[in-house]
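Below you'll find the structure, written out as structure tokens, and then a few comments.
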Amino acid sequence: MIDDIIKGVEDYLTPNIPVKLISQGAEALVFETNVHPYNPYTTASNASYIIKYRPAKKYRHPSIDQALTKHRTLTEGRLLSKLSNIPGINVPQLICCDPYNGYIWQAKVGCVLPNGTFSNLKNYLWYQKNIDPFDEDKIVKVLVSVGRQIGILHCNDYVHGDLTSSNILLDNNTSSGTNSANEWSPYLIDFGLSSYSTMPEDKGVDLYVLERAILSTHSLFAEKYNQWLLQGYKQAYCEMSLGKDDKERYTKLEQVLKRFEEVRLRGRKRSMIG
Ligand SMILES: Nc1ncnc2c1ncn2[C@@H]1O[C@H](COP(=O)(O)OP(=O)(O)OP(=O)(O)O)[C@@H](O)[C@H]1O
């Protein structure tokens, strides 16, 4: 089954574009290549691109499946393009998108951590926790900057829709000379369920989903980690100029935090009742 899907992808891309499967998620297959789609005859050894392909889901009615695939691929492409124009937000550069066939092509971000795992937030927290001596400052810095990314996203009235610690990649961009070896820039990925929303509820749910993700994978330190995330989140709201007065900005932040608390309470009730 998976071999047939990979064969279909290779046929679609032609032999000029060799790919390596790097992830098989719930929704998509993700491949890596060093070939640029508009310039397939020159391969840059240091450039790397991601091709995300949403295959057909046989359990869905074909026309609903096609419409969903098109919608999610288009949403992801649009969001990558729009968000890349917002100062301060880090998302992978969109290279090209074929929503009808379910393909989206983007720049690769992230790297391999010294323990051999890929640098998403989940792996990074595990990796840092096991380093001796434990360096809390590094973790605080990363989590505050992740919180800031989410804060800027929400301040601009976009919500992610699937904000897990695997959908936050950390890039150590030493080659550009802008970052020292110890500095990580968080990038948000996987925007297929994202949307434009002014509703505090949607933002509260984003925060809750991430809080739960951290709790389930790093339960021992989750409370601290989530505090640092919120610290960065609040900073972003306070620092961002929305062209409106300060009072309105703080009110928006308060509304989101209040709703986040309500979503938490609902979540707690649900898990108590089962
Ligand atoms: N731009 C990117 N740069 C580097 N790696 C990426 C990029 N986009 C996706 N990946 C890798 O592929 C994985 C799956 O991507 P993505 O989350 O977009 O697909 P998905 O099918 O929705 O996955 P899941 O169901 O696990 O959320 C990511 O966790 C990441 O490891």
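Scope of the values below: all heavy atoms of this structure, side chains included, with no hydrogens, waters or symmetry mates. One-based numbering, in listed order, for ligands and for the atoms of each.
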Q) Tell me, do Glu136 and Phe221 make a side-chain contact under 4.5 Å, heavy atoms counted? A) no

Q.
Quick check against the 3.5 Å criterion: does Asp157 have a side-chain atom that pairs as donor or acceptor with the backbone of Thr198?
A. no

Q. Do the two ring centres, one from Tyr237 and one from His154, sit under 6.0 Å apart?
A. no

Q) Quick one: are His71 and Thr75 in side-chain contact, heavy atoms under 4.5 Å? A) yes

Q | atom 6 (C) of ligand 1 - nearest protein heavy atom and its distance | A | Leu169 CD1, 3.8 Å

Q) Which atoms form the tightest heavy-atom contact between Ile214 and Ser165, and what is the distance? A) CD1-CB, 4.5 Å

**Q.** Region of Lys108 engaging ligand 1 - heavy atom pairs below 4.0 Å
**A.** both

Q. Considering only heavy atoms, which of Leu94, Val30, Asp171 lies nearest to atom 12 (O) of ligand 1?
A. Val30

Q. With the threshold set at 4.0 Å, does a side-chain nitrogen-carboxylate oxygen contact exist between Glu27 and Lys57?
A. no

Q. Given side chains that start at C-beta, do those of Tyr103 and Val9 come closer than 4.5 Å, heavy atoms only?
A. yes

Q: Could you list which atoms of ligand 1 come closer than 4.0 Å to a heavy atom of Ser23?
A: 12 (O), 13 (C), 14 (C)

Q. Among His36, Lys108, Gln106, which one satisfies side-chain contact (heavy atoms from CB on, under 4.5 Å) with Tyr49?
A. His36

Q: Quick one: look at Pro92 and ligand 1, take heavy-atom pairs under 4.0 Å, and tell me if it's side chain, backbone, both or neither.
A: side chain

Q. Transitively linked via ILVMFWY side-chain contacts under 4.5 Å: Val159 with Val205?
A. no

Q. Which atoms from ligand 1 have a heavy atom of Lys52 less than 4.0 Å away?
A. 16 (P), 18 (O), 19 (O), 22 (O)

Q. Which atoms of ligand 1 have any heavy atom of Asn167 under 4.0 Å away?
A. 17 (O)

Q) Near Ser166, which atoms of ligand 1 are under 4.0 Å from a heavy atom of that residue? A) 29 (O)

Q: Would you mind checking which non-hydrogen protein atom is closest to atom 2 (C) of ligand 1, with the distance to 0.1 Å?
A: Ile50 CG1, 3.5 Å

Q | Subset of ligand 1 atoms that lie under 4.0 Å from at least one heavy atom of Gly25 | A | 21 (O), 23 (O), 25 (O), 26 (O)

Q) Looking at side-chain heavy atoms only, is the closest gap between Phe118 and Leu169 below 4.5 Å? A) yes

Q. Any nitrogen or oxygen of Ala26, main chain or side chain, under 3.5 Å from a nitrogen or oxygen of ligand 1?
A. yes

(Q) Quick check on contacts: which atoms of ligand 1 are under 4.0 angstrom from a heavy atom of Glu27? (A) 21 (O), 25 (O)

Q) Under 4.0 angstrom from ligand 1, any heavy atom of Ala107? A) yes

Q | For atom 21 (O) of ligand 1, the protein heavy atom that lies nearest, with its residue and separation | A | Ala28 N, 2.9 Å

Q | Top protein contact for atom 22 (O) of ligand 1, by heavy-atom distance | A | Asp190 OD2, 2.9 Å

Q.
Out of Val109, Leu193, Ile189, Thr164, who is nearest to atom 9 (C) of ligand 1 when you count heavy atoms only?
A. Ile189

